[in-house]
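A quick write-up on the structure given underneath.
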Amino acid sequence: NIQDAAGGFRMSVKQVIVVRTRYPDGKGGFFKPRTGKLIAQGAHASMKVFFDRADVGFAWRVGRDSREFNTRDEPGNPGEPAMLTSLTEDMAAWAAGSFAKVCVRATSEEQLLELHAQAKKAGLPCAIIQDSGKTEFDGVATYTALAIGPALREDIDPITGDLKLL
């Protein structure tokens, strides 16, 4: 549970990662990619939710060992690459809390795309991954994973609550 500014508790915030587990094999059947491939695709989706909201540029540290940054140049300080990400209130609570993730499975590209459309329609942070196909999918770009949230459980569950755990 997340404590709000008034000292009360809000519903839990989580991220749901949906990984597609069945792919056509080109012979009328299906195959499951290597476990490492599935994990990597889910990780890509989880991170992409944040990267899609980010601006990358240069920032200048305030003090030598500080975690505080300025966005203006300071003489004698060359700056360093930095990323500034705008977060929803739920995303900020999640990042400051337990990083709760739930991994579930989708069995088709159509299901993955429909879940993505539902998440977007609900206004939830989400990101879908389309693999280039270089290692597993015979050079064919293929949708593999989707992350929804971080957002309130009550907002995500109507979309993903019926999916089986991975």
Side-chain angles (χ1 to χ4, degrees), residues 1-2 10-26 29-59 61 67 69 80-166:
N1 288 332
I2 305 300
R10 297 172 42 212
M11 299 257 326
S12 293
V13 177
K14 67 180 178 179
Q15 184 179 62
V16 174
I17 301 169
V18 185
V19 178
R20 184 174 161 202
T21 57
R22 289 183 64 194
Y23 297 85
D25 66 5
F30 295 91
F31 78 97
K32 179 181 174 183
R34 296 171 290 125
T35 301
K37 181 70 169 183
L38 296 178
I39 292 169
Q41 297 302 297
H44 291 330
S46 179
M47 294 177 66
K48 192 172 189 301
V49 170
F50 290 87
F51 289 147
D52 283 352
R53 302 173 68 89
D55 290 317
V56 176
F58 278 84
R61 250 182 229 282
R67 295 185 75 197
F69 287 87
E80 56 189 84
M83 179 173 29
L84 179 63
T85 303
S86 63
L87 304 175
T88 66
E89 185 178 315
D90 294 333
M91 292 171 81
W94 181 84
S98 66
F99 284 82
K101 294 181 185 76
V102 177
C103 298
V104 296
R105 70 182 75 202
T107 57
S108 69
E109 182 175 276
E110 294 76 19
Q111 183 183 28
L112 201 63
L113 293 172
E114 176 58 29
L115 293 165
H116 183 240
Q118 289 177 31
K120 287 184 72 149
K121 184 176 180 183
L124 297 174
C126 59
I128 193 163
I129 298 300
Q130 186 177 40
D131 186 80
S132 65
K134 293 178 183 171
T135 60
E136 294 276 341
F137 307 113
D138 296 324
V140 177
T142 304
Y143 288 102
T144 57
L146 164 68
I148 304 173
L152 292 174
R153 181 183 312 261
E154 65 191 23
D155 296 333
I156 294 177
D157 284 352
I159 298 168
T160 62
D162 293 335
L163 299 175
K164 292 183 178 181
L165 293 174
L166 186 61

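Just the heavy atoms: all of them, side chains too, but no hydrogens, waters or symmetry mates, feed the values below. Positions are given from 1, in the same order as the sequence printed here.
- Nearest heavy-atom pair across Ile156 and Gly149 is CD1-CA, 4.0 Å.
- Among residues two or more places apart in sequence or in another chain, the side chain to side chain donor-acceptor pair (under 3.5 Å) test is passed with Thr135 by Lys37.
- Residues Pro150 and Val13 share a closest heavy-atom pair of CB-CG1, 3.9 Å.
- With contacts defined as side-chain heavy-atom distances shorter than 4.5 Å, the pair Cys126/His116 qualifies.
- Closest of all the heavy-atom pairs between Arg22 and Phe30 is NH2-CD1, 2.5 Å.
- The side chain to side chain donor-acceptor pair (under 3.5 Å) check on Ser46 picks up Gln15, with sequence neighbours excluded.
- Rounded to the nearest 0.5 angstrom, His44 NE2 and Asp131 CG are separated by 7.0 Å.
- Side-chain atoms of Val16 and Val104, non-hydrogen and from C-beta on, do get closer than 4.5 Å to each other.
- A salt bridge (Lys or Arg N to Asp or Glu O under 4.0 Å) check over residues 42-53, counting only residues at least two apart or in different chains, returns the pairs Lys48-Asp52.
- Residues Gly42 and Ile17 approach most closely at CA-CG2, 3.6 Å, considering heavy atoms.
- A search for side chain to side chain donor-acceptor pair (under 3.5 Å) contacts involving Glu114 returns Gln118, not counting sequence neighbours.
- Looking at heavy atoms from C-beta onward, Leu146 lies out of side-chain contact with Ile129 at the 4.5 angstrom threshold.
- The aromatic rings of Phe50 and Trp94 sit parallel to each other, their planes meeting at less than 30°, with 60° as the upper class boundary.
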Would Val49 and Met91 satisfy side chain to side chain contact (heavy atoms under 4.5 Å, CB included), going step by step from the backbone distance to the final call? CA-CA 10 Å; Val49 170; Met91 292 171 81; 3.9 Å; yes
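- Looking only at side-chain heavy atoms (C-beta outward), Lys32 and Leu38 come within less than 4.5 Å of each other.
- Heavy atoms only, all atoms of each residue included: Ile159 and Ala122 are closest at CD1-CB, 4.2 Å.
- Tyr143 meets the ring pair (Phe, Tyr, Trp, His ring centres under 6.0 Å) test with no other residue; sequence neighbours excluded.
- The side-chain heavy atoms of Thr144 and Gln130, taken from C-beta on, include no pair separated by under 4.5 Å.
- The backbone N or O of Val140 lies less than 3.5 Å from no partner atom in the side chain of Asp138, so there is not a single donor-acceptor pair.
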Check against side chain to side chain contact (heavy atoms under 4.5 Å, CB included), Asp55 and Thr85: CA-CA 6 Å; Asp55 290 317; Thr85 303; over 6 Å; no
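- Minimum interatomic distance between Leu124 and Asp155 (heavy atoms only, all atoms of both residues): CD1-O, 3.6 Å.
- Proximity of a side-chain donor or acceptor of Asp157 to a complementary backbone N or O of Gly161 within less than 3.5 Å is not detected.
- Evaluated for a side chain to side chain contact (heavy atoms under 4.5 Å, CB included) with Leu112, the options Thr107, Val19, Ile128 yield exactly one hit, Ile128.
- Within the structure, salt bridge (Lys or Arg N to Asp or Glu O under 4.0 Å) contacts touching residues 99-113 (residues at least two apart or in different chains) are Arg20-Glu109.
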Step-by-step ring-ring contact (aromatic ring centres under 6.0 Å, His included) determination, Tyr23 to Phe137: CA-CA 9 Å; Tyr23 297 85; Phe137 307 113; 4.8 Å; yes
